[in-house]
Amino acid sequence: MRLPILAALLLILPALPARAETDPATLKAIEATAYDYVDGQLEGDAARVARALHPDLAKRAVRATPDKDEVLGLRRMSKDELVELTRQGVLKTPTEKWDRSVRVLDVTGNVAVARVETPWFVDYFHMGRFGDRWVIVNAMWQPKPRN
């Protein structure tokens, strides 16, 4: 059964259109927005974080144990809450301890998906381009286990 499926895929794949390359300036702009988000938090720079976020940001994390009135638990955070936590310095970290990365996973027109990783969490961003500016519209995050 697997062999016919593999053979069919090998016949179909060459017929699919090649994916257009994203221009380097677009990738740099997306990365810069993601670094504003993560570096702003690590610096405790609320203004830097705020400029990376859409006003209607939805930041969420799956909760292992939902509230009793939830079937599928989500931790929710708004732009204002995230900016205030940054202002309070919740993730402020000395520069020599920074270990973070940004990887753009996909870009199609005015939308992009990026992955940000630090020693404490992994975020997946849905980003949008508004004019010449990229901002984070949705963020789904997962804390890393503490050692």
Side-chain angles (χ1 to χ4, degrees), residues 2 5-66 70-87 89-147:
R2 288 184 185 168
I5 292 171
L6 181 59
L9 283 174
L10 291 173
L11 291 173
I12 293 170
L13 287 177
L16 294 175
R19 197 183 150 112
E21 288 294 317
T22 302
D23 72 276
T26 296
L27 292 175
K28 285 184 100 165
I30 293 166
E31 290 170 350
T33 298
Y35 278 117
D36 278 344
Y37 169 91
V38 70
D39 291 357
Q41 288 184 65
L42 297 175
E43 292 169 345
D45 185 342
R48 187 172 181 189
V49 171
R51 78 172 174 236
L53 305 176
H54 188 278
D56 197 27
L57 171 77
K59 181 172 171 74
R60 296 184 171 100
V62 173
R63 293 183 1 180
T65 307
E70 291 181 308
V71 175
L72 304 172
L74 283 176
R75 179 169 180 223
R76 295 168 179 87
M77 191 180 308
S78 69
K79 175 184 179 177
D80 292 341
E81 290 171 296
L82 180 58
V83 170
E84 181 55 33
L85 288 171
T86 302
R87 188 174 284 111
V90 171
L91 286 178
K92 194 168 183 176
T93 304
T95 309
E96 63 274 5
K97 293 187 177 182
W98 289 12
D99 180 16
R100 79 276 190 267
S101 64
V102 171
R103 192 171 62 194
V104 177
L105 303 176
D106 191 32
V107 181
T108 303
N110 291 321
V111 297
V113 178
R115 181 182 193 276
V116 172
E117 184 169 357
T118 74
W120 308 282
F121 58 82
V122 175
D123 269 290
Y124 290 92
F125 296 153
H126 290 147
M127 302 173 72
R129 178 174 31 204
F130 299 87
D132 292 333
R133 182 174 168 221
W134 285 92
V135 295
I136 301 162
V137 178
N138 297 308
M140 190 77 172
W141 67 283
Q142 174 69 45
K144 288 184 168 179
R146 295 179 190 221
N147 297 333

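Values reported hereafter were calculated over all heavy atoms of this structure, with side chains retained and with hydrogens, waters and symmetry mates removed. Note that the coordinates shown come from a computational prediction; the quantities given were computed from them, not determined experimentally.
A salt bridge links K144 to E117: one of the charged nitrogens lies within less than 4.0 Å of a carboxylate oxygen. The existence of a salt bridge linking E84 and R87 is confirmed by a sub-4.0 Å separation between a basic side-chain nitrogen and an acidic carboxylate oxygen.
To the nearest 0.5 Å, atoms CG (L91) and OG1 (T86) are separated by 7.0 Å. Taken to the nearest 0.5 Å, the NE2 atom of H126 stands 12.0 Å off from the CD1 atom of I136. Rounding to the nearest 0.5 Å places NZ of K97 at 14.0 Å from OG1 of T118. If you take NZ on K59 and CG on L53, they are separated by 9.0 Å, rounding to the nearest 0.5 Å. Expressed to the nearest 0.5 Å, how far CG of L82 lies from CD of Q41 amounts to 5.0 Å. The structure places CZ of F125 at 9.0 Å from CG of L57, a figure rounded to the nearest 0.5 Å.
For the pair L42/W120, a side-chain contact is recorded, criterion being any heavy-atom separation below 4.5 Å from C-beta on. Taking the side chain as every heavy atom from C-beta outward, M140 and L74 approach each other to under 4.5 Å. Residues F130 and V137 are in side-chain contact: their nearest non-hydrogen atoms beyond the backbone lie under 4.5 Å apart. With a 4.5 Å cut-off on side-chain heavy atoms, Y124 and Q142 do not count as touching.
Looking at every heavy atom in both residues, R60 comes nearest to R76 through NE-CG, 4.2 Å. The nearest pair of heavy atoms linking D123 to Y37 is OD2-OH, 3.3 Å. Shown here for V49 and G40, the closest heavy-atom pair between the two residues is CG2-C, 3.5 Å.
Checking side-chain atoms of R103 against main-chain N and O of S101 turns up no donor-acceptor pair under 3.5 Å. Side-chain atoms of T108 never come within 3.5 Å of backbone atoms of V111 as a donor-acceptor pair (strictly under, hydrogens ignored). Panel note: side chain R75, backbone W141; no donor-acceptor pair is recorded below 3.5 Å.
No more than 12 heavy-atom neighbours from other residues, nucleotides or ligands sit within 6.0 angstrom of CG on D56. For H54, the NE2 atom counts as densely surrounded, since its 6.0 Å shell holds more than 12 non-hydrogen atoms of other residues, nucleotides or ligands.
Among T33, N138, V135, the one residue that satisfies the side chain to side chain contact (heavy atoms under 4.5 Å, CB included) test with M127 is T33.
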Side chain to side chain contact (heavy atoms under 4.5 Å, CB included) for R115 and V122? Distances and angles first, verdict last.
CA-CA 7 Å; R115 181 182 193 276; V122 175; 3.8 Å; yes
Applying side chain to side chain contact (heavy atoms under 4.5 Å, CB included) to D39 and W98, what does each step give before you reach the verdict?
CA-CA 9 Å; D39 291 357; W98 289 12; 3.7 Å; yes
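Every residue two or more places apart in sequence or in another chain was checked for a side-chain contact (heavy atoms from CB on, under 4.5 Å) with K92, and none qualifies.
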